[in-house]
Amino acid sequence: MTKLQLPSNSKMLDKSFTYGVATASFQIEGGKEHRLDCIWDTFCNTDGKIADSSNGEVACDHYNLWQDDVALIDSLGVDAYRLSISWPRVMLQDGTLNQDGVDYYLNIINALNDRNIKVYVTLYHWDLPQYLEDTGGWLNRQTAYAFAHYVDLISKAFKGKVHSYATLNEPFCSSYLGYEIGVHAPGIVGKEYGRKSAHHLLLAHGLAMQVLKENTPETMNGIVLNFTPCYPASNSEADLYATDFADQYFNQWYIKPIFDKCYPDIIKDLPTEHQPDIQSGDMEIIAQSIDFLGINFYTRAIYKAHPDDIYEQLPAPAPLTDIGWEIYPKAFSELLVSLDSKYQLPPVYITENGAAMDDSIDQGVVNDDDRLSYYQQHLNAVNDAIEQGVDIQGYFAWSLMDNFEWAEGYLKRFGIVYVDYETQKRTIKKSGLAYKELISNR
Ligand code: IFM
C-alpha cells in the first residue's frame, strides 16, 4: 500500500475540510534553559518514571530547528498546524509575560501565517509550571484562575495571528493519569484526587473560554478531549453495568459538564472523599458554549465486571500498535456517531489520531506500511461518521514527527516524519508521503 484514498464523493476531499499535523511543546521543543521548570521536568528527574530515563531537555530540538520544521510542515501541504504553548516559557512566576518566550512563538506563528498555514493553538498540553504544582497544582482551585490569567495575556499577545484556540488537551490525562494513578506528571496517586483535579481543569477551561470570547471572538475557540470507547466483554448485565460505569468515569466525565452542565450520574455513587469540590456557579462557567470540539482517538477498551472494583479492563486483543493499543477503527466511527447523538455538538475536528509503530530507517526510507494502513482505516472511519451525519470539519495526524512520548520516553514513535535523535535529521515516512499526496490531490 502506498496511497491513502477516500471515496470520490467524500466530504473529506472538499478543499474546505482541514488537514493538519499536531505536536505539543514539551514533546518537541527542548530549549529548557529558556523557560521555567514544569511538572514534566520534575517527573523525568524522578527515578523509574520514564521508560528510557529520558527527559524533554532537548527532545526534537524544535526550539532551535523551528524554521526548518515550519518548512517541513509546509512541504507536507497541510492546511493547518496544531501546536501547544509552553506556559512556563511565556509566563514568569510574578504573573507577567516572559517576552522572549512570547517572541519565540510569535516567530513561529508569523512564519506559519506567511505560508498560509492556519495556526491551531493549544493553551495547555500538560506542562504546568512547577511553581504552581508547588502550591497544589490542579488540586488547587487557584490554578484555574492562574490559567485564565495566562490565557488573557497570551491571547492578547497573539491577537490577529491565530485561527483557533483549544483551552486544554485531554483533561482526562492531566487528572486521571497525573493525579489519580500517577503514571504521568506530577505522579500523584489516590482516588480522592482524580475528580478534584478534573473539576479544576474543567473550571480552568470555562474561565479561559470566557477570556477568549472577550479577547478573541474572531477565533474558533474550544477544547480537545480524548475518548477511549468502552465495550463490554459480554452482554451480561454485570459486564454491561461495568462498561457503562467505566465510560462515565473515563469518557463522559469530561464532556458531559461542558454540554449538559452536570457530571455523569455515577457522581452520586462515588464516596464523598472522592467527590470534586463544586462551588456555586462552577457548572455554568464550565458549560460555556464552544465553537468547536476537538476529539482525539487512538483505540478502544474492553471491560468486564469486577467484584471489588466495579470494572476490570481486559488485555487489548490483537492487532496492536507498538504501544500495545488495539487497532479497532470501528470504535472511532461509533464514538463519533454516539457523541453526536448524546450531545448538541458544535463542529468537530479530529485533533489527534495516529499510531506508534516500531519504525526502522533504511537508506533514508521509512516503510511504515503498518501506520499507513492505520491511517487509511481511521480516515475511512471518519468518513463513515460524516456520512452518518456528524459535522466533522478537519483531521490532524498525531504526530508531525517522532517525539517524547511521555512515560514511554523516546521509545515509541508516533510521527509521520522520522526523527534521528542523534543528528536531529527529519525524514518523511511513507505514511507522511501518502498523507501529503492525499492532501495535494484534493
Ligand atoms: O503523545 C500523546 C499526546 O501528547 C496526547 N495524546 C495522545 C498522544 C499519544 O499518546
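If you read the sequence from its start, that first residue is 1, and numbering goes on from there. Since we're looking at a predicted model, the values are computed, not measured. Both counts, for ligands and for their atoms, begin at 1 and track the order of listing. The figures that follow rest on heavy atoms only: side chains count, while hydrogens, waters and symmetry mates do not.
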Practice task
Return yes or no for this condition: an N or O of Trp398 is under 3.5 Å from an N or O of ligand 1.
Solution key: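 Yes: some nitrogen or oxygen of Trp398 is under 3.5 Å from one in ligand 1.
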
Exercise for the section: Say whether Glu170, considering both its backbone and side-chain N or O atoms, lies within less than 3.5 Å of an N or O atom on ligand 1. Expected result: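 Yes - when backbone and side-chain N and O of Glu170 are compared with those of ligand 1, one distance drops under 3.5 Å.
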
Handout entry: His125 near ligand 1 by a heavy-atom separation under 4.0 Å
Key =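 Checking ligand 1 against His125, which is what was asked, there is a heavy-atom contact under 4.0 Å.
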
Practice task
Report yes or no: does Trp325 have a heavy atom closer than 4.0 Å to ligand 1?
Solution key: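 Yes.
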
Which residue and heavy atom of the protein sit nearest [atom], plus the separation:
| atom | result |
| --- | --- |
| atom 1 (O) of ligand 1 | Glu405 OE1, 2.6 Å |
| atom 7 (C) of ligand 1 | Glu352 OE1, 3.2 Å |
| atom 8 (C) of ligand 1 | Tyr298 OH, 3.4 Å |

Exercise for the section: Taking all non-hydrogen atoms of both residues into account, name the closest pair between Ala287 and Pro257 and its distance. Expected result: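 Minimum heavy-atom contact is CB-O, 3.5 Å.
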
Handout entry: Charged N-O contact under 4.0 Å between Asp359 and Arg413
Key =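 So Asp359 does not pair with Arg413 through a salt bridge.
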
Practice task
Could you check if a side-chain atom of Tyr81 sits within less than 4.5 angstrom of a side-chain atom of Thr23, using non-hydrogen atoms only?
Solution key: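 In short, these two side chains touch, coming nearer than 4.5 Å.
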
Practice task
Identify which one of Thr351, Thr228, Asn353 satisfies the side-chain hydrogen bond (donor to acceptor under 3.5 Å, both in side chains) criterion when paired with Asn296.
Solution key: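 Answer to the side-chain hydrogen bond (donor to acceptor under 3.5 Å, both in side chains) test with Asn296 among Thr351, Thr228, Asn353: Thr351.
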
Problem - Which segment of Phe404 sits under 4.0 Å of ligand 1 when only heavy atoms are counted - result: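 The answer is neither.
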
Exercise for the section: State whether the number of non-hydrogen atoms from other residues, nucleotides or ligands found under 6.0 Å of Lys430 atom NZ is greater than 12. Expected result: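 Yes, because the 6.0 Å sphere around NZ of Lys430 holds more than 12 heavy atoms from other groups.
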
Practice task
Check the side chains of Lys11 and Ser16 for a donor-acceptor pair under 3.5 angstrom, ignoring hydrogens and angles.
Solution key: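 Result is no, nothing qualifies.
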
